[in-house]
Amino acid sequence: MKDQSANLNNSNDIWELSTEIIRSTFDKSPDPSLILDPLTGLIIKSNKATSNLFNLPQSLILGRTIGQLYPDEEGILHLLTEEALVKGYSRTRDLNLSNPDGKPRRLEHTAIASTWHDRTCIQLSIIDLDAFNRRTMDNEANRYHKEGLDEWKKAERYFREIERENQLILAAAGEGIYGVNVDGITTFVNPAAEVMLGFKASELVGKDMHTVIHHHKADGTNYPHTD
């Protein structure tokens, strides 16, 4: 009997924890959600997101009927709840609300029927389709951005590999090779060029090559930079 009692208490603890998780998830859902009696339409419970959607405090939502929130949509509400009671769930985009500026708000309503202690309730969840589309576009933009970064990284690795191979070729070449930019500033010097010119690469890189080694002719006259 003692072991059975312990198991029962454990089962009760699990049940209470599960119930608390469900309640917390409902309350903290970012999407508007409410629970109603399908026969009377009376709203039994709603979350904070529902208050934001209808711009009403929860105290003014609870105790109202769903028809009072959608005064011109009685027919669609009836079809939505009846289908949920028969199939277990139903979905529609035909229930309309208006923004403060009077423009229609694009919404999707999902009704799910569930039974608790022989009492059937409907949970009505609402998705703002415009907000959903914006999230979808943001996700697509992030995906393209990530793919672009991945491709850039591949290209960067490719060019780094080419640069490494070029450096190996320059280092192994028997001919003296150096490079300058458009201003004549030395950008690299290979080992053979160091030997031939008598300068270390560190003494030439970043300096005007003409000034260092081409500043005069063999007879001592000036060798103009422009030539």
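Scope of the values below: all heavy atoms of this structure, side chains included, with no hydrogens, waters or symmetry mates. Here the structure is a predicted model, which is why all the values come from computation and not from measurement.
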**Student:** Take Leu129 and Arg105 through the test side-chain contact (heavy atoms from CB on, under 4.5 Å) and record every step on the way to the result.
**Tutor:** CA-CA 8 Å; Leu129 292 176; Arg105 194 164 189 173; over 6 Å; no
**Student:** Using the rule given for side-chain contact (heavy atoms from CB on, under 4.5 Å), can you reason through Cys121 versus Ile44, listing the C-alpha separation, both sets of side-chain angles and the distance that settles it, and then say yes or no?
**Tutor:** CA-CA 9 Å; Cys121 296; Ile44 303 168; 4.1 Å; yes
**Student:** Can you name the nearest heavy-atom pair linking Ile76 to Thr92, along with the distance?
**Tutor:** CG2-OG1, 4.3 Å
**Student:** Is it possible for you to say whether Leu85 and Leu77 belong to one hydrophobic cluster, with membership spreading through side-chain heavy-atom contacts below 4.5 Å?
**Tutor:** yes
**Student:** Could you check whether atom CD of Glu82 has more than 12 heavy atoms from other residues, nucleotides or ligands sitting under 6.0 Å from it?
**Tutor:** yes
**Student:** Taking atom CD1 of Ile66 and atom OG1 of Thr81, what is their separation to the nearest 0.5 Å?
**Tutor:** 10.0 Å
**Student:** Quiz question: by atom type and distance under 3.5 Å, do the side chains of Asn139 and Thr136 form a donor-acceptor pair?
**Tutor:** no
**Student:** Minimum heavy-atom separation for Ile61 to Ser46, with atom names?
**Tutor:** CG2-OG, 3.9 Å
**Student:** Could you tell me if the side chain of Leu124 sits less than 4.5 Å from the side chain of Thr110, heavy atoms only?
**Tutor:** no
**Student:** Under a 4.5 Å cut-off applied to non-hydrogen side-chain atoms, are Leu204 and Leu197 in contact?
**Tutor:** yes
**Student:** Roughly how far, to the nearest 0.5 Å, is CG of Leu42 from CG of Leu36?
**Tutor:** 8.5 Å
**Student:** Should His109 and Arg91 be marked as a side-chain contact (heavy atoms from CB on, under 4.5 Å) after you check the CA-CA gap, both sets of side-chain angles, and the distance that decides it?
**Tutor:** CA-CA 6 Å; His109 294 72; Arg91 184 177 287 123; over 6 Å; no
**Student:** What distance do Leu69 atom CG and Leu34 atom CG have between them, rounded to the nearest 0.5 Å?
**Tutor:** 7.0 Å
**Student:** Is there a side-chain contact between His210 and Val180, using heavy atoms and a 4.5 Å cut-off?
**Tutor:** no
**Student:** Please, which pairs that meet ring pair (Phe, Tyr, Trp, His ring centres under 6.0 Å) have at least one residue in residues 43-64, sequence neighbours excluded?
**Tutor:** Phe54-Tyr70
**Student:** So, is the end of the Lys87 side chain (NZ or CZ) under 6.0 Å from the ring centre of Tyr89 and within 45° of the ring's axis?
**Tutor:** yes
**Student:** Please determine whether the number of non-hydrogen atoms from other residues, nucleotides or ligands lying under 6.0 Å from atom NZ of Lys48 exceeds 12.
**Tutor:** no
**Student:** If you measure from CD1 on Ile35 to OG1 on Thr50, what distance do you get to the nearest 0.5 Å?
**Tutor:** 10.0 Å
**Student:** Working note: Ile126 + Leu53, criterion side-chain contact (heavy atoms from CB on, under 4.5 Å); need CA distance, chi angles, decisive distance, verdict.
**Tutor:** CA-CA 9 Å; Ile126 307 168; Leu53 175 66; 3.7 Å; yes
**Student:** Ring pair (Phe, Tyr, Trp, His ring centres under 6.0 Å): which pairs involve residues 162-202, sequence neighbours left out?
**Tutor:** none
**Student:** How far apart are the closest heavy atoms of Glu73 and Asp94, and which atoms are they?
**Tutor:** OE1-O, 3.9 Å
**Student:** Just checking, is any N or O donor in the side chain of Gln123 or Ser114 under 3.5 Å from an acceptor N or O on the other one?
**Tutor:** no
**Student:** State whether the number of non-hydrogen atoms from other residues, nucleotides or ligands found under 6.0 Å of Arg119 atom CZ is greater than 12.
**Tutor:** no
**Student:** Which pair of non-hydrogen atoms, one from Ala173 and one from Ala192, has the smallest distance, and what is that distance?
**Tutor:** O-CB, 3.8 Å
**Student:** For the backbone of Glu175 and the side chain of Asn190, can you confirm whether one donor and one acceptor N or O come within less than 3.5 Å of each other?
**Tutor:** yes
**Student:** Hey, does Asp27 have a side-chain heavy atom less than 4.5 Å from the side chain of Lys45?
**Tutor:** yes
**Student:** Can you see which heavy atom on Asn181 is nearest to which on Asp183, and at what distance?
**Tutor:** OD1-N, 2.9 Å
**Student:** Are the charged groups of Glu203 and Lys200 less than 4.0 angstrom apart, N to O?
**Tutor:** no
**Student:** Starting at CD1 of Ile127, measure out to CZ of Arg93 and round the result to the nearest 0.5 Å.
**Tutor:** 8.5 Å
**Student:** Any sub-3.5 Å donor-acceptor pair from Asn47's side-chain atoms to Ser33's backbone N or O?
**Tutor:** yes
**Student:** Do Ile112 and Ile122 come close enough that some side-chain heavy atom pair is under 4.5 Å?
**Tutor:** no
**Student:** In terms of hydrophobic clustering (I, L, V, M, F, W, Y; side-chain heavy atoms under 4.5 Å; direct or indirect links), are Leu62 and Leu56 co-clustered?
**Tutor:** yes
**Student:** Would Val195 and Ile177 show up in the same hydrophobic cluster when neighbours are defined by side-chain heavy atoms closer than 4.5 Å?
**Tutor:** no
**Student:** Can you name the nearest heavy-atom pair linking Met196 to Gly176, along with the distance?
**Tutor:** CE-N, 3.6 Å
**Student:** Hey, are the side chains of Leu95 and Leu80 touching, using non-hydrogen atoms and a 4.5 Å cut-off?
**Tutor:** yes
